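Values reported hereafter were calculated over all heavy atoms of this structure, with side chains retained and with hydrogens, waters and symmetry mates removed. Remember, predicted model here, so these are calculated numbers, not experimental data.
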Amino acid sequence: MSDKCILVGQSGGPTTAINSSLAGVIAAGVFDGTRIEGMRYGIQGFLEGRSVRLDEAFVSRVDIELLRNTPASWLGSCRYKLPLPSEDEATYERLFQRFEEIGAEGVLYIGGNDSMDTIAKLSEYGRQIGSDIRFIGVPKTIDNDLVDTDHTPGYGSAARFVATAVNEIAYDANVYDLKSVTFVEIMGRDAGWLAASSALALAAPDLVLLPEVPLDLDVLMERIASILDEKNTVMVGVSEGVRTPDGQLICERAAEPGVGVDEFGHLATLSGTGRYLAALTKERLGCKTRSVELSTLQRCASYAASRVDLDEAFDLGHAGFNAALAGETGKMCAVERVSNDPYSINIQLVDVVSVANRVKNVPREWIAEDGMGVTKELLDYMKPLVGELPAQMASLD
């Protein structure tokens with residue numbers, strides 16, 4: 001074992017694939033003979049002195065393969081907003097002291113937008129004080145909303161679960177000879193990539209509502225009524241982050257009093273969009289309605305994991321390890337799509353400052369003209385990431 005050491009942490013909401021990225025880091029370290037230390041509960045836990053020796057916890061290929069296929073964050077996570085050095089330099093001094101104590105040559109952080117903000121701040125502070133420690137971001141988020149990367153690990157598996165679940169809910173909703181509307185609420189605070197994946201279902205929703213297009217409730221009711229004139233069962237895939245034209249989140253209309261925000265200023269809970277729309281539809285149209293919240297299953301359903309997603313997450317963790325040892329810092333490992341058919345990618349490094357605190361929205365041209373569906377281009381984008389869906393079923397028609 002060499003004297004080299006890489007420190008790695010996981011942060012933000014867990015996914016089916018985030019442990020595969022961690023496995024990629026560990027596998028690279030074991031092969032290279034590098035000591036791998038893990039932050040327990042992210043940068044916040046590390047500040048409190050909590051870490052674990054990963055190359056000793058996962059010593060065999062079987063151990064690493066099991067980790068690759070384990071959902072959620074093995075190291076534990078946090079939602080800790082690192083302050084600016086000008087606001088709290090003592091926190092940075094303590095962190096860099098801890099980095100030195102543990103002997104870290106590189107620090108990898110596996111996470112989404114807010115985690116990339118952490119890497120950007122740490123790399124800039126390290127530059128200012130002349131530190132040789134390298135800081136690299138490894139992307140993850142089921143929301144698929146990181147810029148400068150074609151897609152993000154965690155998304156493909158979550159999208160595969162969503163498409164499968166929506167398909168099966170549609171069959172269940174169609175068993176009675178009566179008029180009904182089912183809203184399936186899907187995660188996505190600012191971007192509709194995950195809600196869009198509902199359109200991959202064999203029994204695809206009649207309408208797909210994304211945050212990128214403001215939702216006029218009167219127009220929605222008219223659309224649903226017109227579809228009910230033609231068929232009994234209406235399925236609607238809806239992102240939890242859908243807003244009205246004045247910018248209000250639909251879920252705010254259903255929120256319990258006193259719902260707060262997290263350290264990054266995001267609403268602590270976004271659920272309720274489907275419930276509100278179901279109640280409104282029942283009131284306006286007088287038909288049976290139902291709201292189904294897929295909730296945390298979207299990010300932890302390992303039985304629906306996409307093999308492409310797990311493989312790419314592993315490779316990005318491996319690439320982050322290599323980048324740190326090669327002397328790179330202030331970068332995020334990213335995916336460049338080379339081809340859709342056959343599907344192929346390259347892994348590259350991008351400036352983490354350009355990624356942090358930005359959101360990649362679904363392009364307007366990939367959303368139906370009326371704002372209530374998706375185009376073939378978006379379906380073609382998603383299909384390679386999701387992989388083969390479970391066995392086809394008899395048509396509902």
Step by step, would you call L379 with V374 a side-chain contact (heavy atoms from CB on, under 4.5 Å)? CA-CA 8 Å; L379 294 175; V374 305; 4.1 Å; yes

As a quick check of understanding, evaluate side-chain contact (heavy atoms from CB on, under 4.5 Å) for L7 and M39, giving each step before the final call. CA-CA 7 Å; L7 175 68; M39 304 178 190; 3.7 Å; yes

Please lay out, stage by stage, how Y109 and Y80 fare under the test ring-ring contact (aromatic ring centres under 6.0 Å, His included). CA-CA 13 Å; Y109 214 35; Y80 174 74; 9.8 Å; no

Any chance you could lay out the side-chain hydrogen bond (donor to acceptor under 3.5 Å, both in side chains) test for E48 and Q44, step after step, and finish with the verdict? CA-CA 7 Å; E48 296 167 356; Q44 187 173 26; 4.8 Å; no

Test side-chain contact (heavy atoms from CB on, under 4.5 Å) applied to L22 and L54, step by step: CA-CA 10 Å; L22 180 62; L54 291 171; 3.9 Å; yes

Is there a side-chain hydrogen bond (donor to acceptor under 3.5 Å, both in side chains) between E377 and T375? Walk through the geometry before answering. CA-CA 5 Å; E377 289 79 8; T375 66; 3.1 Å; yes

For I133 and E100: C-alpha separation, side-chain torsions, deciding distance, then whether side-chain contact (heavy atoms from CB on, under 4.5 Å) applies. CA-CA 9 Å; I133 301 171; E100 295 288 349; 3.9 Å; yes

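Atoms CG and CE, on L146 and M116 in that order, are 6.5 Å from each other to the nearest 0.5 Å. Between atom NZ of residue K288 and atom CG of residue N232 there is a gap of 11.5 Å, rounded to the nearest 0.5 Å. L297 CG to T16 OG1: the interatomic distance, rounded to the nearest 0.5 Å, is 9.5 Å. Between the CG atom in N19 and the CD1 atom in I110 there is a gap of 8.0 Å [rounded to 0.5 Å]. If you take CD1 on I18 and CG on L310, they are separated by 12.5 Å, rounding to the nearest 0.5 Å. Separation of atoms OG1 (T34) and CD1 (I6) is listed at 6.5 Å; rounding is to 0.5 Å.
Minimum interatomic distance between K231 and D206 (heavy atoms only, all atoms of both residues): NZ-OD1, 2.7 Å. The minimum heavy-atom distance linking D143 with M187 is given by the pair OD1-C, 4.4 Å. G272 approaches A254 most closely through the heavy-atom pair O-CB, 3.5 Å. Of all heavy-atom pairs between L210 and A196, the closest is CD2-N, 3.8 Å. In plain terms, the two heavy atoms of V386 and R160 that are nearest each other are O-CD, 3.0 Å. Taking each heavy atom of A199 and A204 in turn, the nearest pair found is O-CB, 3.7 Å.
Relative to the six-membered ring of F46, R98 meets both conditions, a distance below 6.0 Å and an angle of at most 45° to the axis.
Counting non-hydrogen atoms of neighbouring residues, nucleotides and ligands closer than 6.0 angstrom, the CG atom of D370 exceeds 12 such neighbours. Within 6.0 Å of CG on N346 lie more than 12 heavy atoms contributed by other residues, nucleotides or ligands. Counting non-hydrogen atoms of other residues, nucleotides and ligands closer than 6.0 Å to CD of E369 gives a total of 12 or fewer. More than 12 heavy atoms of other residues, nucleotides or ligands shown are found within 6.0 angstrom of CD on E101.
A salt bridge links R68 and D311; the closest N-O separation between the charged side-chain nitrogens and carboxylate oxygens is under 4.0 Å. Ionic pairing of R275 and E185 is not present here: no N-O contact between side-chain nitrogen and carboxylate oxygen is shorter than 4.0 angstrom. Looking at R127 and E124, a side-chain N of the basic residue comes within less than 4.0 Å of a carboxylate O on the acidic one, giving a salt bridge. A salt bridge links R134 with E105: the closest approach of a Lys/Arg side-chain nitrogen to an acidic carboxylate oxygen falls below 4.0 angstrom. Checked for salt-bridge contact, R284 and D218 meet the test: a charged N lies under 4.0 Å from a carboxylate O.
Under a 3.5 Å cut-off, the side chain of K282 and the backbone N or O of V181 do not form any donor-acceptor pair. Looking at N167, its side chain does come within 3.5 Å of a backbone N or O of L202 through a donor-acceptor pair. Here the side chain of T149 pairs no donor or acceptor atom with the backbone of A334 at under 3.5 angstrom. Judged by distance alone, with hydrogens and angles left aside, the side-chain atoms of K121 form a donor-acceptor pair with the main-chain N or O of L82 at under 3.5 Å. Side-chain atoms of S21 come within 3.5 Å of backbone atoms of A313 as a donor-acceptor pair (strictly under, hydrogens ignored). Side-chain N or O atoms of E312 include none that pairs as donor or acceptor with a backbone N or O of D309 at under 3.5 Å. A distance-only check finds a donor-acceptor pair linking the side chain of E212 to the backbone of G192 [under 3.5 Å]. In this structure, Q10 contributes its side chain and W74 its backbone to a donor-acceptor pair below 3.5 Å. For the pair T233 (side chain) and S180 (backbone), a donor-acceptor distance under 3.5 Å is absent. Side chain of S157 to backbone of S306: a donor-acceptor contact under 3.5 angstrom is found.
The closest side-chain heavy-atom distance from T281 to F183 is below 4.5 Å. Y125 is not listed as a side-chain neighbour of T91, based on a closest heavy-atom distance of 4.5 Å or more. The closest side-chain heavy-atom distance from M382 to N144 is not below 4.5 Å. Residues L378 and I367 form no side-chain contact, since every pair of their non-hydrogen atoms from C-beta on lies 4.5 Å or further apart. Considering only heavy atoms from C-beta on, I64 stays 4.5 Å or farther from R61 through its side chain. Residues L194 and S239 have side chains not in contact (no heavy-atom distance under 4.5 Å, counting atoms from C-beta outward). Between K81 and D117, some side-chain heavy-atom pair lies under the 4.5 Å cut-off. Put simply, the side chain of S291 does not reach to within 4.5 Å of the side chain of L277, judged on heavy atoms.
Considering T152, L385, L316 as possible partners of V335, the one that fulfils the side chain to side chain contact (heavy atoms under 4.5 Å, CB included) test is L316.
The aromatic rings of F161 and Y303 stand perpendicular to each other, their planes meeting at an angle above 60°, with 30° marking the opposite boundary. Y381 and Y155 have tilted rings, their planes meeting at an angle from 30° to 60° on a 0 to 90° scale. Taking the six-membered ring where tryptophan is involved, the planes of W193 and W366 are perpendicular, since the angle between them exceeds 60° and thus also 30°. Ring orientation note: the planes of Y343 and H151 are tilted relative to one another, at an angle of 30° to 60°.
Under the 3.5 Å distance criterion, with hydrogens and angles disregarded, no donor-acceptor pair is assigned to the side chains of S354 and D351.
Under the 4.5 Å side-chain heavy-atom criterion for Ile, Leu, Val, Met, Phe, Trp and Tyr, F321 and L75 are members of the same hydrophobic cluster. At a threshold of 4.5 Å between side-chain heavy atoms, the hydrophobic network of Ile, Leu, Val, Met, Phe, Trp and Tyr places L325 and I347 in one connected group. Hydrophobic clustering of Ile, Leu, Val, Met, Phe, Trp and Tyr side chains at less than 4.5 Å, counting indirect connections, keeps Y41 apart from I43. Tracing side-chain contacts under 4.5 Å through hydrophobic residues (I, L, V, M, F, W, Y), one never reaches V147 starting from V138; they form parts of separate clusters. When the side chains of ILVMFWY residues are joined at heavy-atom separations under 4.5 Å, either directly or via intervening members, I250 and V362 end up in two distinct hydrophobic clusters.
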